[in-house]
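Here is the naming used below: chain letters follow the sequence lines, and residue numbers restart at 1 for every chain.
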Amino acid sequence: MGLIQRVIEAAGIATIGISIVREYAEQVQPPRTVFLKWPFGHPVGEPHNRAQQRAVVEESLRLLYEIDTPGTIVDLPFAWRRHDYSAWDQPAS
Amino acid sequence: MGISRWKNQLLALLATRFPALAKKFTDSYTPRASTGDIPWVRPAVPLHRAKLALVTTAGIHHPEQQPFDMQDANGDPSYRAVDGDRLFDNFTITHDYYNHSDAGKDPNIIFPLDRLKELVAEGKLGSLAATHYSFMGHIDGQHIDTLIRKTAVEIAEKLRQDQVDIVLLTPG
């Protein structure tokens, strides 16, 4: 995934990737990465857990704009289902 | 289904259920290390005006599209262009290297289209591209060159033509 990300960024489009295997991101060095120590097949969370999915998506997009060093990997502080995601559980306006 | 596909699917299921086994599973695949400068551009417009496309290696696609090749041990470097407006009405996932039963129940966990549509409706994100791109991960051997010299270059050009400002990438 990181190899594709590097090609897209090289074409002039800013990118951020979600990683669940930190070693892959360390090897491939994509421009920007958020890391979650979460199970395979669940990079954005659990089925139908809207607040948890929102947390991952919104933090990823925020960091796409905030990271200012190429190759940065940010470890997101979300402990799978033990984390309190209520801050992201706002109804759509 | 061939024995090797069955074995890959079983290993993927075990690695998902028992995280201690995941390390062993990931150690069996080593991505090509990068050298030299890391590509880098700033987002051209603020988030509330940006057009976003998703790119995934989770193997999701429309059922009428050709499945990814799961017989080749080096993976399949091709991609499927997917229509974000109708993908979740009827989708399939071709990928033996992770267990996608949960993604089958709610594909947002690998391809968060609904969450992104909410952000657009709330005015936080400018817009979503109509077309997104799906790969099958686990690319190895000679297919790595095909990926980085041909197929990834093709989708990058298509994203540029579609005036996409930012891309979010998700694995399987």
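- The candidate from B/T151, B/T35, B/L147 with the greatest count of non-hydrogen atom pairs under 4.5 Å with chain A is B/L147.
- Using a 4.5 Å cut-off between heavy atoms, A/Q52 does not touch chain B at all.
- A 4.5 Å side-chain heavy-atom check between A/L61 and B/L119 finds at least one atom pair inside the cut-off.
- Neither the backbone nor the side chain of B/I93 comes within contact range of chain A; no heavy atom of the residue lies under 4.5 Å from a heavy atom of that chain.
- If you tally non-hydrogen atom pairs under 4.5 Å between each of A/V56, A/T33, A/T69 and chain B, the highest count goes to A/T69.
- Using a 4.5 Å cut-off between heavy atoms, B/V55 contacts chain A through its side chain alone, with no backbone atom that close.
- Under a 4.0 Å N-O distance rule, the pair B/R115/A/E58 does not qualify as a salt bridge.
- Between B/T170 and A/V44, the closest side-chain pair of non-hydrogen atoms falls below 4.5 Å.
- When only modelled atom types and interatomic distance are considered, A/Q53 and B/D114 share no side-chain donor-acceptor pair under 3.5 Å.
- Per-residue counts of heavy-atom pairs under 4.5 Å with chain A were compared for B/G172, B/A33, B/P171; the largest is that of B/P171.
- Contact annotation for A/V57: only side-chain heavy atoms (C-beta onward) come within less than 4.5 Å of a heavy atom of chain B.
- Put simply, of A/A10, A/G45, A/S60, the one with the most heavy-atom pairs under 4.5 Å next to chain B is A/G45.
- Because its NZ or CZ atom is both nearer than 6.0 Å to the ring centre of B/W40 and within 45° of the ring axis, A/R32 counts as a cation-pi partner of that residue.
- Across B/I110 and A/G41, no two heavy atoms sit closer than the pair CG2-O, 3.6 Å.
- When the candidates B/D37, B/N108, B/L52 are compared by the number of heavy-atom contacts under 4.5 Å with chain A, B/N108 comes out ahead.
- The side-chain contact (heavy atoms from CB on, under 4.5 Å) test with B/P39 singles out one residue from A/Q29, A/Q5, A/R6, and that residue is A/R6.
- A/T72 does not touch chain B: none of its heavy atoms, backbone or side chain, sits under 4.5 Å away.
- Using a 4.0 Å cut-off between charged side-chain N and carboxylate O, B/K105 and A/E46 make no salt bridge.
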